[in-house]
Amino acid sequence: MIVYLDLDRTLFKTADMAAVWEYISNLYPEAADAFDSAEDYFHYIGDMYYYDMGAHLTSLGLEPTEVYAAVADSELADGRLEIEGTKELIASLVRDGYEVQVLTFGSDDYQRFKASLCPALREVPVVTTLRAKSEVLEELGDECWLVDDRPLGDELPGNVSFVQVSPDGAAVPHNADWTVKKSLGEVKEFFDAISH
């Protein structure tokens, strides 16, 4: 069975992207203060949005693939941007026979770039989409799990079992009828329990 793992705020410390931009600015002076204008490159699809970092870098006269490679070769790719427990969760799922994939909403190049900064994801396939995950998973049709920080339980099709990771509990509806865990360590324990 496949376990799909969300990327942003589930496995990847999206809130720490300012550090990535600081590194880019040190390498490429033309990118100084660019992080402040990131919102200009947000694209909205219904109530969802994504950031087009490639277009942002291009507007600065930079080649996105060159920038992505430079950052992926830096100390920022040493695991510091992984949320605690990412490596252990993936290793445990693989050991228990699950197929693990990342399913993430956003522009393909930017999502793959963030995944490239996570050593635990080096062997994990990354699936990107600009559609609702519920649509993608319904089309795939296989029985699977989704682990995500967003409270998606009510919108997922019947073939998907859902675990929400919510460290602060803020995004969890009071009447949620799906599994909610407070850390990736708790998610690992949950899968360990149902797998043995």
Side-chain angles (χ1 to χ4, degrees), residues 1-20 47-51 77-106 110-112 114-129 131-196:
M1 183 177 288
I2 299 179
V3 176
Y4 291 102
L5 303 172
D6 174 51
L7 182 63
D8 289 295
R9 292 167 299 280
T10 298
L11 304 178
F12 183 81
K13 295 178 181 176
T14 309
D16 289 357
M17 278 304 293
V20 173
D47 64 348
M48 301 183 296
Y49 69 90
Y50 67 94
Y51 168 55
D78 64 5
R80 69 183 67 184
L81 295 173
E82 292 177 4
I83 288 180
E84 184 179 341
T86 295
K87 177 175 133 184
E88 294 80 6
L89 172 61
I90 292 170
S92 178
L93 289 170
V94 170
R95 187 174 51 250
D96 288 340
Y98 291 99
E99 180 182 342
V100 178
Q101 295 188 28
V102 169
L103 176 60
T104 179
F105 177 86
Y110 181 48
Q111 297 307 102
R112 290 183 188 282
K114 287 182 286 188
S116 76
L117 302 179
C118 300
L121 301 181
R122 299 262 158 81
E123 304 299 319
V124 177
V126 175
V127 178
T128 65
T129 183
R131 296 186 301 145
K133 290 178 185 175
S134 57
E135 292 177 24
V136 174
L137 294 170
E138 186 167 28
E139 277 180 19
L140 292 171
D142 296 325
E143 294 288 321
C144 64
W145 285 90
L146 174 65
V147 178
D148 202 301
D149 66 298
R150 294 178 59 227
L152 302 175
D154 288 337
E155 55 193 74
L156 294 171
N159 61 305
V160 182
S161 299
F162 181 58
V163 178
Q164 183 181 356
V165 183
S166 183
D168 59 7
V172 182
H174 293 296
N175 60 347
D177 62 356
W178 56 84
T179 302
V180 179
K181 299 298 176 185
K182 295 180 180 175
S183 68
L184 292 181
E186 286 191 5
V187 174
K188 176 186 173 298
E189 289 171 5
F190 171 79
F191 279 103
D192 284 347
I194 66 171
S195 301
H196 297 114

Nearest atoms (heavy-atom pairs only) where [X] meets [Y]:
X	Y	value
K181	V163	CG-CG1, 4.1 Å
S116	A77	O-CB, 4.2 Å
S166	V180	CB-CG1, 4.2 Å

Review point. Would L121 and I90 satisfy side-chain contact (heavy atoms from CB on, under 4.5 Å), going step by step from the backbone distance to the final call?
Key: CA-CA 8 Å; L121 301 181; I90 292 170; 3.3 Å; yes
Exercise for review: Evaluate side-chain contact (heavy atoms from CB on, under 4.5 Å) for L7 paired with T14, printing each intermediate quantity in order.
Suggested key: CA-CA 9 Å; L7 182 63; T14 309; over 6 Å; no
**Study point:** Charged N-O contact under 4.0 Å between D78 and R80
**Key:** yes
**Study point:** Charged N-O contact under 4.0 Å between R150 and D6
**Key:** no
Distance check, rounded to the nearest 0.5 Å: [X] atom [atom1] versus [Y] atom [atom2]?
X	Y	atom1	atom2	result
D149	L5	CG	CG	12.0 Å
D148	K133	CG	NZ	3.5 Å
D8	Y110	CG	OH	6.5 Å
D16	L81	CG	CG	6.0 Å
L184	F191	CG	CZ	11.0 Å

Note, [X] side chain near [Y] side chain (heavy atom, < 4.5 Å):
X	Y	result
E84	S183	no
Y4	L140	yes
V20	L117	yes

**Study point:** Verdict with reasoning, Y98 to W145, per ring-ring contact (aromatic ring centres under 6.0 Å, His included)
**Key:** CA-CA 10 Å; Y98 291 99; W145 285 90; 7.7 Å; no
Is it the case that the side chain of [X] and the backbone of [Y] share a donor-acceptor pair, with hydrogens and angles ignored and the cut-off at 3.5 Å?
X	Y	result
E99	M1	no
T128	G106	no
S92	E88	no

Check your understanding: Got more than 12 heavy atoms from elsewhere within 6.0 Å of NZ, K87?
Key -> no
Practice item. Can you sort out the partners of D192 under salt bridge (Lys or Arg N to Asp or Glu O under 4.0 Å), two or more places apart, ordered by chain and number? Key: K188
Review point. Does E135 have any salt bridge (Lys or Arg N to Asp or Glu O under 4.0 Å) partners at least two apart in sequence or in another chain, and if so, which?
Key: R131
Review point. Taking it one step at a time, do E186 and F190 satisfy side-chain contact (heavy atoms from CB on, under 4.5 Å)?
Key: CA-CA 6 Å; E186 286 191 5; F190 171 79; over 6 Å; no
Review point. Out of V127, V126, T10, which one pairs with V102 under the side-chain contact (heavy atoms from CB on, under 4.5 Å) rule?
Key: V126
May I have the list of side-chain donor-acceptor pairs in residues 152-162 shorter than 3.5 Å, sequence neighbours left out?
unit_1, atom_1, unit_2, atom_2, d
N159, ND2, L137, O, 3.1
N159, ND2, D142, O, 2.8

